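Take a look at the structure set out below.
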Amino acid sequence: MRYSVRCLVTAVLLLFSELNYAQDQAAQFNHGKRVVIIMMDGFGMSYFKDAPMPYLKAMIAKGFFKQVNALMPTVTNANNTSICTGTFPEVNGISGNFFLNDKGEEEYMEDKHLVLAPTIFQKLKAYNIKSALVSSKKKSTTLLPEGTDLVLSPETADSAWISKIGKPASIYSAEVNYWSMQAGIYLLKNREDIRCLYIHTTDYPMHTWAPTDSNSINHLANIDNYIHQISEAAPDATILITADHDVNHKSRCVDIQKALLLQNVNIKLALSPEKDKYLKHHRGFGGAAYVYLNSAKDVQQVKSALSKIKGIETILTRAGAAKKYHLPVTRIGDLVVLGDSTTVFGDLESQPEEDLPATYRSHGSVYEIKVPLIILNAVKLPPASYFNYNKDLAAWLMDKKY
Ligand SMILES: [Zn+2]
């Protein structure tokens, strides 16, 4: 009897100490200040450099800025998941927008069960800290909702949100990003219990306009204004900004499977990890491709045929690509192919290659790897050498040293 009472007392004490620990952690998280993470889709260095963003640039003078690398392939899901989990794709498992699953079927990476590392929201949840995810693209709200207390996308907003923020614009517009920013500002003003807000915009404007186009300048000037409003709505908040990739003009698309057939070489499949359900952005073409072989014996023959295709700059084996770019071996091709600065890969209807219009813009290759990493209003930051990739943006927040 006495023994069981002692056990009960110990269990209760343990529970209290755990609760106290969680409360301590909650109070200590970012020195009690809120965190706003803005993942600006497509806001690579070419856009940042030319951006007329006077507020952001003035704040950077008092904050932190570093040009860092995005992760390969430079597509949204792989980078967004890496930023949200603070890990490489080899840990979080997200190798692109599409991959070939164990059943040999093409699968769209929009299911949270494919994410193999905890999101920042899950880590905060362990300390009873609430988070919200607002994304212009619905796919992020199904891929990265784990641990959030609220997920919101203009694509799926219900009537209650429409009455608060207004009717969202089309996903194929710059205005849809303004809706997401306004929703974020609403949460900062009305839901102070949410201590971590993650806003993901869409890169439709970057796919549509070059950095110097007046429409792009207007889009980024508006975003600058919203960043200003965010810091006014939450003066305590630390604001963290990075991007998943840059976006560049591409002049040619190569259908790798058809181009190999011209050399009488057969493969199982060439898959652009940038292939997307948002086809209007870039028709599913991207600067990287996962090449799946019919047989492992074909590797040398296929490599040699690939090297003769104009526009292919790099051919890596599965193991080589996984090592060089920290990719998950089971979710990439037998070969990983990277394009030169103006070539993208994808499925074409009849021809092995196609010239693309002067307005065509896309990403996926190493030429879209340079992105800004910006931190404003932080109490204590790691040294600049800590930040090498966009995935490092928020990882330090979970480290008690900072
Ligand atoms: Zn993107």
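Counting starts at 1 for both ligands and their atoms, in listed order. Quantities reported herein were computed from a predicted structural model and do not represent experimental measurements.
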Measure the acute angle between the ring planes of His228 and Tyr55, then classify it against the limits of 30° and 60° as parallel, tilted or perpendicular.
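Rings of His228 and Tyr55: parallel, under 30°.
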Metal site angle (apex the Zn ion (ligand 1)), OG1 from Thr76 and OD2 from Asp244, 10 degrees:
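Roughly 90°, rounded to 10°.
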Do any of the N, O or S atoms of Asn79 sit under 2.8 Å from the Zn ion (ligand 1)?
no
Heteroatom test (N, O or S) for His245 near the Zn ion (ligand 1), limit 2.8 Å
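A backbone or side-chain N, O or S atom of His245 is under 2.8 Å from the Zn ion (ligand 1).
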What atom name does the N, O or S atom of Asp41 nearest to the Zn ion (ligand 1) carry?
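Closest to the Zn ion (ligand 1) among those atoms: OD1.
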Under 6.0 Å from the six-membered ring centre of Phe387 and within 45° of its axis: does the NZ or CZ of Lys66 meet both?
no
May I ask you to say whether Lys275 pairs ionically with Glu106, meaning some side-chain N is under 4.0 Å from a carboxylate O?
yes
Any chance you could measure Phe64, atom CZ, to Met59, atom CE, to the nearest 0.5 Å?
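If we round to the nearest 0.5 Å, Phe64:CZ and Met59:CE are 15.0 Å apart.
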